[in-house]
Participant: 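Can you read through this structure? Questions will come right after.
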Amino acid sequence: MSTMSAAAVAVWLASVVTILSRAHADRNVYPSAGVLFVHVLEREYFKGEFPPYPKSGDASNDPITFNTNLMGYPDRPGWLRYIQRTPHSDGVLYGSPTGEHVGKPTIIEITAYNRRTFETARHNLVINIMATEEFPLPYQAEFYIKNMNVEEMLASEVLGDFLGAVKNVWQPERLNAINITSALDRGGRVPLPINNLKEGVYVMVGADVPFSSCLREVENPHNQLRCSQEMEPVISCDKKFRAQFHIDWCKISLVDINKVVPVYIARPDPGTGILPEFGEYNPPSESLKSRNFFTDFLVTLAVPAAVALVLFFILGYTMCCRREGVEKRNMQTSDIQLVHHSSIQKSTKELRSMSKNREISWPLSTLPVFNPVSGEVVPPIHPDNYETTSMPLMQTQTNLQNQITIPQQRPSGDNYVMSTFRRLEVNGIPEERKVAEALNL
């Protein structure tokens, strides 16, 4: 399609039966049944409908959104869709009218909202659906284009290029765009905002001649196997689309409506909408009998209370009167276990009583240090901010402070040596046992 000349594209666009119109006030449009209808809501046109904004600002870039609905109803007809990607882009009405709407004018109310000035403008679009002789076209093919969004595909130039490529492959006499559907409406997922990913769009086209051999290639067993293995099938005419459109050939759908068996569903007669005659309404009399609810009140309270009382007595009997007790437990326990358990208890009590009566003095390393003269607590050898990394592994006698030096007799003679002890206290009583032992030598 990329090799087609501009003149050929212009001739083809003129032959395509696709309605493209602009937004105008109370405008009448005449789409054909079974042919794609596209109506563009241009922001530039509605800007002239809003009054001038008194404050400074760029009025040409005002955010404008549109609301469309069928006159007298809150929503649009089922066959008509609307899309507007951002408030700074044009809105598009598109869809494919069916034969049921032929001859019935459809009035669409279009309301434009200026999001900067909060002004609104309303116009009506009258859609007069016309019947066509070739509706519906017997051969219909639906393509899934992966690199397009629906608003991009609705552009007249892009849609014309795609139909031109299909015509080169199919070679029909009449070719119409029937419908365009976003992949999101078919259960697709919103793409991640990376690598310029697109949502994808389904485009259905119809022709009056059977499908070409190129379109039938996707039905051969080799390509079906590749599709089942999530591999891209080999299609000879894919190069005619690849320059602009990336088609997923595994999702192509070829339908011959001449071979489709119609299914008719019997609908009930809706009737006239008027209820049958039932006579005059007879309201209840004003003299209603009073009703006594005391019995209902007693039943509502007495029954749950009685059930709760019974459950309380059953639980009390089970907890208080059905206890086994220590004697029954001992009777069911073997004598060896009872003797073993009793011996452990006696040993534990004996050890605890012995620990209370022992008179062993506390280790010197755990006792506080006192000055032997004043009785005050001697500060530690090293303060808190002392650098311990340079402290020697063994302290000498000259490094110690607040110490007591006493003589000590050698066993071999009358000479004495000096021994150094610290004055200690345990529970307020000075610990001088070592000093006394040294003096008595």
Participant: When you look at I145 and M153, which way does the side-chain contact (heavy atoms from CB on, under 4.5 Å) test go after all the steps?
Facilitator: CA-CA 9 Å; I145 304 175; M153 196 66 198; 3.7 Å; yes
Participant: Is the backbone of Y139 close enough, under 3.5 Å, to the side chain of D256 for a donor and an acceptor to pair up by distance?
Facilitator: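 Answer holds: no.
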Participant: Between E151 and K198, does any side-chain N to carboxylate O distance fall below 4.0 Å?
Facilitator: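 Result for this pair is no, no salt bridge flagged.
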Participant: Could you tell me whether a side-chain N or O of S253 sits under 3.5 Å from a main-chain N or O of A141, the two making a donor and an acceptor?
Facilitator: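 Checked: no pair found.
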Participant: For the ring pair Y113 and F66, is the centre-to-centre distance below 6.0 Å?
Facilitator: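 No, too far apart.
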Participant: Treating N28 as the side-chain partner and I127 as the backbone partner, does any N or O pair qualify as donor plus acceptor under 3.5 Å?
Facilitator: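 Answer holds: no.
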Participant: Under 4.5 Å between any side-chain heavy atoms of R115 and D62, yes or no?
Facilitator: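 Counting from C-beta outward, R115 and D62 never come under 4.5 Å.
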Participant: Could you tell me whether the side chain of L36 reaches within less than 4.5 Å of the side chain of V38, counting heavy atoms only?
Facilitator: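 They are in contact (side-chain heavy atoms under 4.5 Å apart), so the answer is yes.
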Participant: With heavy-atom distances below 4.5 Å as the criterion, would you say the side chains of N67 and Y82 are in contact?
Facilitator: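 N67 vs Y82: side chains apart.
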Participant: Taking E217 first and then R226, would you say they form a salt bridge - that is, a charged N and a carboxylate O separated by under 4.0 Å?
Facilitator: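 Judged by the 4.0 Å cut-off on N to carboxylate O distance, E217 and R226 do not form a salt bridge.
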Participant: Mind checking whether M319 and L315 have side chains closer than 4.5 Å, heavy atoms only?
Facilitator: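 They are in contact (side-chain heavy atoms under 4.5 Å apart), so the answer is yes.
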Participant: What is the minimum heavy-atom distance between E44 and K47, and which atoms define it?
Facilitator: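 Closest approach of E44 to K47: OE2-NZ, 3.2 Å.
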Participant: Less than 4.5 Å apart, any side-chain heavy atom of S89 and any of T86?
Facilitator: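 Yes; the side chains approach each other to less than 4.5 Å.
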Participant: Does the D208 side chain pair with the main chain of E173, one donor and one acceptor, at a distance under 3.5 Å?
Facilitator: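 Checked: pair present.
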Participant: Answer yes or no: does atom CG of N258 have more than 12 heavy-atom neighbours from other residues, nucleotides or ligands under 6.0 Å?
Facilitator: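 Yes.
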Participant: Could you check E232 against R242 for salt bridge (charged side-chain N to carboxylate O under 4.0 Å, His left out), going step by step and ending with a plain yes or no?
Facilitator: CA-CA 13 Å; E232 188 174 355; R242 182 63 63 177; 2.8 Å; yes
Participant: For the pair N69 (side chain) and Y73 (backbone), establish whether a donor and an acceptor sit closer than 3.5 Å, ignoring hydrogens and angles.
Facilitator: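 The answer is yes, because a donor-acceptor pair under 3.5 Å joins these two groups.
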Participant: Considering only heavy atoms from C-beta outward, does the side chain of N124 approach that of I110 to under 4.5 Å?
Facilitator: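 A side-chain contact under 4.5 Å is absent here.
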Participant: F46 ring centre to R43 NZ or CZ under 6.0 Å, with the angle to the axis within 45°?
Facilitator: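 No, a cation-pi geometry is absent between R43 and F46.
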Participant: Parallel, tilted or perpendicular, judged at 30° and 60°: which one describes the rings of W79 and F37?
Facilitator: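 Geometry flag for F37 against W79: perpendicular rings.
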Participant: Working to the nearest 0.5 angstrom, can you tell me the gap between L215 CG and I235 CD1?
Facilitator: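 Result: 8.5 Å between the selected atoms.
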Participant: How long is the straight-line distance from CG of L41 back to OG1 of T68, given to the nearest 0.5 Å?
Facilitator: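 Nearest 0.5 Å value for the OG1-CG distance: 7.5 Å.
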Participant: Could you walk me through whether N114 and T117 satisfy the side-chain contact (heavy atoms from CB on, under 4.5 Å) test, starting with their C-alpha distance in whole Å, then the side-chain angles of each, then the deciding distance to 0.1 Å, before giving a yes or no?
Facilitator: CA-CA 6 Å; N114 190 323; T117 62; 3.2 Å; yes
Participant: Atom CE of M71 and atom CD of E109: how far apart are they, to the nearest 0.5 Å?
Facilitator: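 Rounded to the nearest 0.5 Å, the CE-CD separation comes to 4.5 Å.
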Participant: Tell me the closest heavy-atom pair linking Y144 and E199, and the distance in Å.
Facilitator: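 Shortest heavy-atom separation between Y144 and E199 comes out as OH-O, 3.8 Å.
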Participant: Could you state the interatomic distance from CG (L154) to OH (Y94), rounded to the nearest 0.5 Å?
Facilitator: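 Result: 6.5 Å between the selected atoms.
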Participant: Answer with yes or no after comparing the ring centroid distance for F143 and F245 against a 6.0 Å cut-off, counting only values under it.
Facilitator: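 That pair fails the under 6.0 Å test.
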Participant: For residues 340-347, please give each side-chain donor-acceptor pair under 3.5 Å, one per line with the distance, not counting sequence neighbours.
Facilitator:
unit_1	atom_1	unit_2	atom_2	d
H341	NE2	Q345	NE2	3.2
S343	OG	V339	O	3.3
S343	OG	H340	O	2.7
S347	OG	S343	O	2.9

Participant: Please report the interatomic distance SG(C227) to CD(E219), rounded to the nearest 0.5 Å.
Facilitator: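 Those atoms lie 11.0 Å apart.
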Participant: Tell me, with the steps shown, if S156 and L159 meet side-chain contact (heavy atoms from CB on, under 4.5 Å).
Facilitator: CA-CA 5 Å; S156 59; L159 183 59; 6.0 Å; no
Participant: Taking all non-hydrogen atoms of both residues, which atom of S236 and which atom of C214 are closest, and how far apart?
Facilitator: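 In this case the closest contact between S236 and C214 is OG-SG, 4.1 Å.
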Participant: Please name the pair of heavy atoms, one in N176 and one in V35, separated by the smallest distance, quoted to 0.1 Å.
Facilitator: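 What the structure gives for the nearest pair is ND2-CG2, 4.0 Å.
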Participant: Does atom CD1 (I336) have a neighbourhood of more than 12 heavy atoms from anything else shown, all under 6.0 Å?
Facilitator: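 Count not over threshold, so no.
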Participant: Please output the side-chain donor-acceptor pairs of residues 180-193 that fall under 3.5 Å, not counting sequence neighbours, one pair per line with the distance.
Facilitator:
unit_1	atom_1	unit_2	atom_2	d
S182	OG	L184	N	3.3
R186	NH2	E142	OE2	2.5

Participant: Could you walk me through whether R81 and R76 satisfy the side-chain contact (heavy atoms from CB on, under 4.5 Å) test, starting with their C-alpha distance in whole Å, then the side-chain angles of each, then the deciding distance to 0.1 Å, before giving a yes or no?
Facilitator: CA-CA 7 Å; R81 301 186 185 95; R76 298 174 299 276; 5.5 Å; no
Participant: Donor-acceptor pair, Q224 side chain versus V218 backbone, under 3.5 Å?
Facilitator: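 Here the side-chain-to-backbone pair exists.
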Participant: When you measure from the side chain of Q244 to the backbone of F241, do you find a donor-acceptor pair of N or O atoms at a distance under 3.5 Å?
Facilitator: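 Such a contact is absent between Q244 side chain and F241 backbone.
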Participant: Between T106 and I108, is there a side-chain heavy-atom distance shorter than 4.5 Å?
Facilitator: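 They are in contact (side-chain heavy atoms under 4.5 Å apart), so the answer is yes.
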Participant: Using a 3.5 Å distance criterion without hydrogens, assess whether the side chain of N220 forms a donor-acceptor pair with backbone atoms of N223.
Facilitator: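 Indeed, once roles are kept as given, a pair shorter than 3.5 Å links the two residues.
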Participant: Please step through side chain to side chain donor-acceptor pair (under 3.5 Å) for the pair W249 and D238, ending with a clear verdict.
Facilitator: CA-CA 9 Å; W249 292 99; D238 180 61; 2.7 Å; yes
Participant: If you compare all heavy atoms of P87 against all heavy atoms of T65, which two are closest, and at what distance to 0.1 Å?
Facilitator: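 Nearest heavy atoms, P87 then T65: CB-CG2, 3.9 Å.
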Participant: Side chains of R116 and I64: does their closest heavy-atom pair fall under 4.5 Å?
Facilitator: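 Sidechains of I64 and R116: no contact.
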Participant: Taking all non-hydrogen atoms of both residues, which atom of E152 and which atom of N147 are closest, and how far apart?
Facilitator: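 Heavy-atom minimum between the residues: OE1-O, 4.3 Å.
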Participant: May I ask you to say whether R291 pairs ionically with D296, meaning some side-chain N is under 4.0 Å from a carboxylate O?
Facilitator: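 The answer is yes: the pair qualifies as a salt bridge.
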